[in-house]
Each structure stands twice: as structure tokens, then as C-alpha cells.
Amino acid sequence: MPDSLNRMVITPELNYDQLTIAEATLIQQQLHGYLNLEPFQKDITTIAGADISLALYSETVYAGLVVLSYPELQPIAYSLVKSSTIFPYVPGYLAFREIPAILKAYEQLPVKPDVIMFDGNGILHARRMGIASHFGVLTGAVTMGCAKKKLAGKYDEPGTFKGEYSPVTDKGEVIGYAVRTKGNVKPVFISPGHQMSLEDSLALALKCTGKHRLPEPTRYAHEYVNRFRIGALTEGYHKVDSWTLF
DNA sequence: GCGACAG
DNA sequence: ATCTTGTCGC
């Protein structure tokens with residue numbers, strides 16, 4: 001993360017639990033100054049999905065990243081970490097609740113993925129600093145967001161065919177897209193997080209879309225952290241053995 | 001003041 | 001997000 005931000009976050013164990021919303025807003029505005037939305041250049045070999053799973057009325061969070069091969073989109077490794085949070089869910093501040101745990105899972109990966117797709121937004125956010133952008137600036141990783149519901153902005157409903165999309169705008173600027181990843185099903189909201197352009201995020205989301213509404217990275221991440229929470233998967237870093245899966 | 005509001 | 005059962009549709 002930028003050196004000037006080292007004083008704002010408690011390292012090495014990032015902990016946002018004691019922050020007030022006013023302080024969190026200040027951090028988002030500070031992080032925004034480091035955002036880079038230039039087109040992504042290098043070739044992509046791997047893309048990861050990041051997500052967390054929670055038990056109702058529990059402070060325990062099950063975080064994880066699932067790394068997929070690209071463009072095949074097959075799981076090749078995953079990192080799971082059990083942690084806790086007391087920072088509440090407040091629309092617009094999801095990052096402060098989920099990032100500490102996801103960061104631990106990320107640091108546990110021996111090899112980092114080329115891109116990370118988050119279950120939440122990138123710049124499709126009131127202050128252009130959703131969880132994907134926040135994590136990207138903090139770590140320098142290439143990130144993007146994929147949310148199931150609209151957080152900010154306005155948009156016209158895209159056509160009902162898979163692949164159709166329409167821009168989400170706010171205060172005169174395009175901040176993401178409502179994308180129909182599956183025919184006749186509600187669209188998902190795509191936006192760049194960090195180190196990629198608006199167009200990059202849209203193209204990648206479509207490339208990662210299979211037969212389900214959620215793009216494969218996010219879909220797998222959601223599935224793995226849930227299996228972790230119910231005890232079907234164990235904490236730690238694991239390589240996937242293609243031959244024993246399914 | 002009113003409506004909106006990722007997970 | 002999570003808690004839940006059946007049900008409608010491709």
C-alpha cells in the first residue's frame with residue numbers, strides 16, 4: 001500500500017473495528033487519490049474470486065479466495081481463513097467489514113492471481129471506493145467488482161439477452177455497467193476496482209460468465225467459503241487436485 | 001426532509 | 001449476508 005497510508009492503517013494486522021463512519025469516509029477519500037483506472041496491459045493467466053461467509057448473529061467470518069485458470073476458469077487453488085469482525089454492515093462501507101479477513105487469505109497465497117473479482121463494487125460507489133477498489137489500492141492488486149444489487153447511480157434496464165448491458169451513471173460519469181450475464185435473469189453490476197479500465201472490467205466479466213448469473217470467480221468463491229463455514233473445507237492454503245474434484 | 005441503500 | 005420450503009421454469 002502507499003507509504004503515506006501506513007499511518008492510517010494498523011499493520012501488519014489490519015483492524016478497522018474501532019473506526020467511526022466519519023473516519024472511514026476520510027480513509028476512502030484518501031485511498032481514492034491512489035486509484036488507477038488505466039487499461040490493464042499484461043496477459044491474464046489466473047483470476048481469483050474473493051468472498052466471505054457469515055453465520056447469523058455471529059462475529060465470525062469465513063473468508064477466502066479461489067484462484068481459477070484463465071480463460072478455462074477451472075479452480076486451481078484456494079485460501080481460506082477464519083477471522084472475526086465487529087464493524088457493522090453499513091452500505092458504502094462494506095470494505096471495512098470484509099477486507100481485514102480477505103487480506104489474511106490473500107497474504108496466505110504463495111502465488112498471487114493476475115486479477116481478483118470481488119463480491120461487491122469497485123468504483124460503482126458514491127465515493128468511487130467500493131471494496132474492490134479499496135483492496136486494490138491497499139495491496140496494488142488488479143481488482144474488479146461484481147455486485148448482485150445496485151449500490152449507487154442510475155441505469156436503464158439492459159436487454160433481456162445474455163451479454164447485453166447498459167451503463168450505470170452517477171453525477172454525469174459512467175461508474176460501471178448493469179450486465180445481463182444470463183438470459184431473462186436480473187443483471188449483475190460490474191465495475192473496475194484498481195489497475196484496469198471500465199472497459200476492461202466489462203470485457204472480463206463477460207469472459208468469466210458461464211451458464212450461471214454470477215461470473216465463475218465470484219460463484220466459486222461464494223461456494224468455497226460457504227463449504228468452509230459448514231466444515232466441509234478446512235482453513236489454510238490448498239491446491240486443487242483436478243482429478244479428485246467431482 | 002425524502003428516498004436509496006454492495007454484503 | 002443468513003434463516004428456510006416449496007415451487008415455477010428452462
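Lettering of chains follows the sequences in order, A, B, ..., and the numbering in each one begins at 1.
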Original post:
Where does DNA chain B pair, written as one dot-bracket string 5' to 3', with Watson-Crick or G-U pairs under 3.5 Å, ( ) inside the strand, [ ] for crossing pairs and | for another strand?
Top reply: .......
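For the salt bridge (Lys or Arg N to Asp or Glu O under 4.0 Å) condition, no pair includes a residue of residues 30-44 of chain A, sequence neighbours left out. The side chain to side chain donor-acceptor pair (under 3.5 Å) pairs that include a residue from residues 200-209 of chain A are A/Ser197-A/Asp200, where partners are two or more places apart or lie in different chains.
For residues 159-175 of chain A, proximity to DNA chain B is found at no residue, defined as any non-hydrogen atom under 4.0 angstrom from a strand atom. Listed by residue number, A/Ala147, A/Lys148, A/Lys149, A/Lys150, A/Leu151 are the residues of residues 144-152 of chain A with a heavy-atom contact under 4.0 Å to DNA chain B. Proximity of residues 186-200 of chain A to DNA chain B (heavy atom under 4.0 angstrom from any strand atom) is not detected for any residue. For DNA chain B, the neighbouring residues in residues 85-102 of chain A, judged by any heavy atom under 4.0 Å, are A/Tyr89, A/Pro91, A/Gly92, A/Tyr93, A/Leu94, A/Glu98.
For the atom pair CD1 (A/Ile52) and CD (A/Glu98), the distance works out to 3.5 Å, reported to the nearest 0.5 Å. Taking CD1 from A/Ile21 and CG from A/Leu26, the interatomic distance works out to 12.5 Å, rounded to the nearest 0.5 Å.
Remark: A/Glu173 CD is packed, more than 12 non-hydrogen atoms of other residues, nucleotides or ligands lying under 6.0 Å away. The neighbour count for A/Lys82 NZ, taken as heavy atoms of other residues, nucleotides or ligands under 6.0 Å away, does not exceed 12.
Once you apply a 4.0 Å limit to the heavy atoms of chain A, the touched nucleotides of DNA chain C run 5' to 3' over C/dA1 to C/dC3. The span of DNA chain B lying next to chain A, judged by atoms under 4.0 Å from heavy atoms, is bounded 5' to 3' by B/dC5 to B/dG7.
The backbone N or O of A/Glu107 lies less than 3.5 Å from no partner atom in the side chain of A/Lys104, so there is not a single donor-acceptor pair. Side chain of A/Thr143 to backbone of A/Ala132: a donor-acceptor contact under 3.5 angstrom is found. Between the side chain of A/Arg180 and the backbone N or O of A/Phe161, no donor-acceptor pair lies under 3.5 Å. Under the 3.5 Å distance criterion, the side-chain polar atoms of A/Ser69 are left unmatched by any main-chain donor or acceptor of A/Thr46. Proximity of a side-chain donor or acceptor of A/Ser133 to a complementary backbone N or O of A/Gly193 within less than 3.5 Å is detected.
Heavy atoms of A/Ser53 sit under 4.0 angstrom from primed sugar atoms or phosphate atoms, though from no base atom. Across all strands, A/Leu124 comes closer than 4.0 Å to no nucleic acid atom at all (heavy-atom distances). Residue A/His134 is classed as having no contact, given no heavy-atom separation below 4.0 Å to the nucleic acid. Using a 4.0 Å heavy-atom distance criterion, A/Asp119 is classed as a sugar-phosphate-only contact.
Side-chain contact annotation: A/Ser53 with A/Asn226, donor-acceptor N/O pair under 3.5 Å present.
Scanning all heavy atoms of the two residues, the minimum distance from A/Asp114 to A/Val142 falls at O-CB, 3.3 Å. The minimum heavy-atom distance linking A/Tyr237 with A/Ala77 is given by the pair OH-CB, 3.6 Å. Here the closest heavy-atom approach between residue A/Cys146 and residue A/Pro215 is recorded as SG-CD, 3.5 Å. Taking every heavy atom of both residues into account, A/Tyr106 and A/Leu65 meet most closely at N-CD1, 3.7 Å.
The shortest side-chain heavy-atom distance between A/Cys208 and A/Ile47 falls under the 4.5 Å cut-off.
Cluster annotation: A/Val81 and A/Leu103 are assigned to distinct hydrophobic clusters (Ile/Leu/Val/Met/Phe/Trp/Tyr, side-chain heavy-atom contacts under 4.5 Å, transitive). Under the 4.5 Å side-chain heavy-atom criterion for grouping Ile, Leu, Val, Met, Phe, Trp and Tyr, A/Leu151 is not connected to A/Ile190 through any hydrophobic cluster.
For A/Tyr165, the ring pair (Phe, Tyr, Trp, His ring centres under 6.0 Å) criterion is met by A/Tyr177, not counting sequence neighbours. With sequence neighbours left out, the side chain to side chain contact (heavy atoms under 4.5 Å, CB included) criterion links A/Gln28 to A/Tyr93, A/Phe96, A/His125, A/Arg127, A/Met129.
Between A/Phe40 and A/His194, the distance from one ring center to the other does not fall under 6.0 angstrom. The distance between the ring centers of A/Tyr78 and A/Tyr220 does not fall below 6.0 angstrom.
For DNA chain C, if you chain together Watson-Crick or G-U pairs that step i with j, i+1 with j-1 and so on, you find no run of at least three with distances under 3.5 Å.
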